[in-house]
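This chain uses plain numbering: 1 for the first residue, then up along the sequence.
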Amino acid sequence: MSYPVKRIKLLIITVCAVFLWNCTETVDTSSRYVFHEETILSYLEKHEAYRSYVDVLKQVNISEASDSKVSQLLSARGVYTVFAPNNDAIQKYLESLVEEGLITEPSWDAFPSEHKADSIRKVIVYNSIIDGGNELNAYFYSSNFPNDKDEFTLGTLNDKKLSVRRPNSQTDSIYINDNCPVSSTERDILALNGIIHQMEKVIAPKDITATSYIQQCLDEQREGFLTCFRVIQACGLLDTLNKIRDEKYETLYQTGQIKDLEGMHDSYGFAEGDIGYAPKHRLYGFTIFAEPDELWRREGIDPKDPDLLRKLTQWILDNHQYSDDDHFTTDENYRSEDHLLYQTYHILPMRIPKGKLVFHINEYGYNQSKPYQYSIPVYEFYTTMGKRRLFKLMESGASNGVWINRFPNTDNGRHGTGEEIGCDADKMGSLVDTESDLAILNDMVNCNIYPISEPISYDDKTRDNLYRNRIRFDGMSLFPEAMNNDIRLKKASEERYKHVYIPNTVRSYNYLENMQQNSDMNFVYYNAWNDDWCNLNRDEMKAVGRFDVMFTLPPVPRRGTYEVRYKVLANSNRGVAQIYFGSDPEKLPVAGIPIDLTMDCRNALDALKVGWEDDNPNDDDYTAEIDKRMRNNGYMKGPKSINSNDGTERDKSDRENIRHIFVRQTLDPDKTYYIRLKSVLDSDRKEFYMDFIEYCAKEIYDNPEKPEDIW
């Protein structure tokens, strides 16, 4: 008799967990409690301090679709982190509800209805538990909590992310969600199925939206970002910033009309995974990069001045914070999309946590065992809200933080390090403040606000700098939903986060606004966080079937001739795609001959066709001739900046990494461009694949004095 693979895996995990919990050589237990015979529930039940918490655990259902109680969950096998409020914490929470006028006295009997009481119990319970799923040791010791102002990798039972605050003046103090203290003595209590941290205050986030937060600041004339908030209000953006989630998708998922992709490996030909898990929600989010009021005061602008909007408009004009190619108005109709203030360059349509402004994963010279020792510059390109404009975030080992539109000098020769070696004063950009108290990172459910060091705008200098730099954007950066729903590069390797199934546009719902699936295909995002894939950021997008998929691309910064390149990590599972490219999504012209996604230059015939030869470390001129020959054939090697255990994408061990040059034409910054990839094979088991796309201006790829670098 043979056991199913999943049961065997579970048995192995259980045995390993018991071994680790009994092994003092691998776990520092100097300040931890270990209860080998206790589940989380049995431990809580035996300690009077948690009596009130146990009572609510026994009354709250695991979900709307289940009659089982959360107490049963915590008595069963699992990997849970529990922030358990003590009796005093729950009593103080009830007292706060009296102050709010919700109840007349701090008692569960005081609620006007059982329904209301049950909703408050859910607040207490759902915000106190993180389910680590099936991953071994996927619970959080206090020593492994995130850094100050960072969020936990996994969400709570209600899919909310908790954050951590570590006051510099209080060495051993830890707060959850800014103001909920973790007990300094009753923490890191390890049980059979997880870990317990006693809380001295109930974790009960208000779920306030950006609109409510901004309106409150406006009503109170609260300084900090008052100038920015007054502009947002005048431009009529408060309604937009009030969005939290797509309720139509919520209903479809809750009623089972959005399903997981079952049997992904066997039925759909994917190389990894059994199930592609559909997202539970479709959340909206925003990130605002704002000049603080203190900065505007230095510029002579009073945030509380009744004439602020006119004076700020004049400041932008006087300081030429626009491009000569821009067309705008400067009257008092601030809600017009043509108004100069409306076209400000400050808001992205995604909520970006502190730790995801850029991604440090597998860039050249980076070691994940030393996560805060950065090497070469890494960057993200996004498209702003409002008028579509290119927005760059960048961080390097020398930058001392994340910057907006920084363009450093790098050691980018063939034998260089790729690292930043300096930055001209006029290309420094604006520093993003993630550390000070002015950064608003956890106050709103749908928005983060980062203070910045210098005013930002999409002026001619910014556009020129972007134009003179190669623009490489990861495929998943095209989709705000990937960030808003914690899909992209989640630091977890459990299957539910590793293979995310994007519902098919044709069959169910258009989940990603910037992607249109035009056939009965199955699209999966592969989060290769702990896998050694030689992709940009390791992750990739792929689909199986007679794929036909179209993406909306970011804008180019300047009108000019560009190459558009599509990077492929080839293998025999891939298909053959005809690419279409243009600005009319209904009539996209064909772009070149079909791209063979199986073309792998480890194969001699493919290498001959492409023109691939390994770099010659002793003869740069010969290596340059190889690159030139490949370009003449429409191909390029992968960049040196992307690394794996086998080496960089240019190395001979990674010959399957190829950039295909599929467009060379004039592009306009005021047009929106689309790329469509359609299978040309009569097969429903071949893969579509996508890693990154590049824009590269002729000034870079055809520069006789300074050839394009290999990074």
Side-chain angles (χ1 to χ4, degrees), residues 9-10 13-22 27 29 32-47 49-50 52-63 66 68-86 89-90 121-146 151-164 174 176-177 180 182-183 186-199 202-205 280 486 490-497:
K9 287 182 178 178
L10 187 58
I13 289 172
T14 305
V15 172
C16 290
V18 172
F19 173 76
L20 286 173
W21 286 337
N22 285 279
V27 178
T29 60
R32 298 170 182 162
Y33 304 97
V34 183
F35 293 87
H36 297 296
E37 305 302 324
E38 299 279 10
T39 65
I40 291 173
L41 181 66
S42 63
Y43 177 87
L44 296 173
E45 288 178 325
K46 289 183 178 180
H47 291 77
Y50 305 106
S52 297
Y53 183 54
V54 171
D55 286 345
V56 294
L57 288 174
K58 292 181 176 180
Q59 296 180 70
V60 174
N61 291 351
I62 293 173
S63 70
S66 173
S68 298
K69 306 301 180 184
V70 176
S71 57
Q72 295 171 265
L73 191 72
L74 298 184
S75 67
R77 179 182 292 130
V79 187
Y80 304 102
T81 300
V82 178
F83 298 96
N86 58 29
I90 291 181
R121 293 188 188 102
K122 288 178 180 177
V123 169
I124 296 172
V125 171
Y126 286 176
N127 288 293
S128 68
I129 301 171
I130 296 175
D131 181 359
N134 295 323
E135 289 197 77
L136 185 64
N137 293 338
Y139 44 77
F140 297 94
Y141 285 110
S142 60
S143 59
N144 293 328
F145 282 4
E151 297 176 340
F152 283 88
T153 304
L154 304 177
T156 58
L157 292 185
N158 62 347
D159 297 319
K160 303 292 185 184
K161 288 291 195 71
L162 303 178
S163 63
V164 171
I174 302 175
I176 303 299
N177 278 19
C180 300
V182 181
S183 169
E186 300 296 316
R187 63 172 68 160
D188 297 321
I189 302 168
L190 189 61
L192 280 173
N193 57 345
I195 198 166
I196 304 166
H197 307 285
Q198 186 181 112
M199 299 300 299
V202 168
I203 303 171
K280 292 182 180 180
D486 197 27
K490 188 179 182 71
K491 294 182 180 180
S493 56
E494 189 183 348
E495 194 63 28
R496 57 178 163 158
Y497 307 120

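Rounding to the nearest 0.5 Å gives a distance of 4.0 Å between CD1 of Ile40 and CG of Asn193. Atom-to-atom distance recorded for Ile203:CD1 and Ile124:CD1 is 11.0 Å, nearest 0.5 angstrom. The CG atom of Leu192 sits 11.5 Å away from the OG atom of Ser75 when rounded to the nearest 0.5 Å. Here OG of Ser128 is found 11.0 Å from CD1 of Ile196. Values are rounded to the nearest 0.5 Å.
Residues Gly132 and Leu154 share a closest heavy-atom pair of CA-CD1, 3.8 Å. Between Thr153 and Lys490, the shortest heavy-atom contact is O-NZ, 2.8 Å. Considering every non-hydrogen atom in both Ala89 and Val202, the closest pair reads O-CG2, 3.6 Å. In this structure, Val164 and Pro146 approach most closely via the heavy-atom pair CG2-CD, 3.6 Å. Scanning all heavy atoms of the two residues, the minimum distance from Lys161 to Phe152 falls at CD-O, 3.2 Å. Here the shortest heavy-atom pairing between Ser66 and Ser68 reads OG-N, 3.1 Å.
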Checklist entry - Which is it for Cys180 and Phe83 under the side-chain contact (heavy atoms from CB on, under 4.5 Å) test, yes or no, and what are the steps along the way? => result CA-CA 10 Å; Cys180 300; Phe83 298 96; over 6 Å; no
Next on the checklist: Could you walk me through whether Tyr53 and Val82 satisfy the side-chain contact (heavy atoms from CB on, under 4.5 Å) test, starting with their C-alpha distance in whole Å, then the side-chain angles of each, then the deciding distance to 0.1 Å, before giving a yes or no?
Outcome noted: CA-CA 11 Å; Tyr53 183 54; Val82 178; 3.4 Å; yes
Checklist entry - Tyr141 and Asp188: side-chain contact (heavy atoms from CB on, under 4.5 Å), yes or no, with the steps? => result CA-CA 6 Å; Tyr141 285 110; Asp188 297 321; 3.7 Å; yes
Next on the checklist: Run the side-chain contact (heavy atoms from CB on, under 4.5 Å) test on Leu57 and Leu44 for me, step by step, so that the C-alpha distance in whole Å, both residues' side-chain angles and the decisive distance to 0.1 Å come before the verdict.
Outcome noted: CA-CA 10 Å; Leu57 288 174; Leu44 296 173; 3.9 Å; yes
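For the pair Ile176 and Val182, the minimum side-chain heavy-atom distance is below 4.5 Å. With contacts defined as side-chain heavy-atom distances shorter than 4.5 Å, the pair Tyr139/Val79 qualifies. At least one side-chain heavy atom of Leu74 sits less than 4.5 Å from a side-chain heavy atom of Ile129. Contact check for Tyr80 versus Leu157: no side-chain heavy atoms found under the 4.5 Å cut-off. Residues His197 and Ile174 have side chains not in contact (no heavy-atom distance under 4.5 Å, counting atoms from C-beta outward). Side-chain contact between Glu186 and His47 is absent, with no heavy-atom pair separated by less than 4.5 Å. With contacts defined as side-chain heavy-atom distances shorter than 4.5 Å, the pair Ser71/Leu41 qualifies. Put simply, the side chain of Lys58 reaches to within 4.5 Å of the side chain of Glu45, judged on heavy atoms.
At distances below 3.5 Å, not a single donor-acceptor pair connects side-chain atoms of Asp159 with backbone N or O atoms of Gly155. No donor-acceptor distance shorter than 3.5 angstrom exists from the side chain of Ser52 to the backbone of Ile90, with no hydrogens or angles considered. Counting only distance, with no hydrogens or angles, the side chain of Glu494 and the backbone of Asn134 share a donor-acceptor pair below 3.5 Å.
Around NZ of Lys280, the count of heavy atoms belonging to other residues, nucleotides or ligands within 6.0 Å does not exceed 12.
Side-chain contact of Ser42 with Thr39: a donor-acceptor pair under 3.5 Å is present, judged by distance alone.
Tyr43 and Tyr50 have tilted rings, their planes meeting at an angle from 30° to 60° on a 0 to 90° scale.
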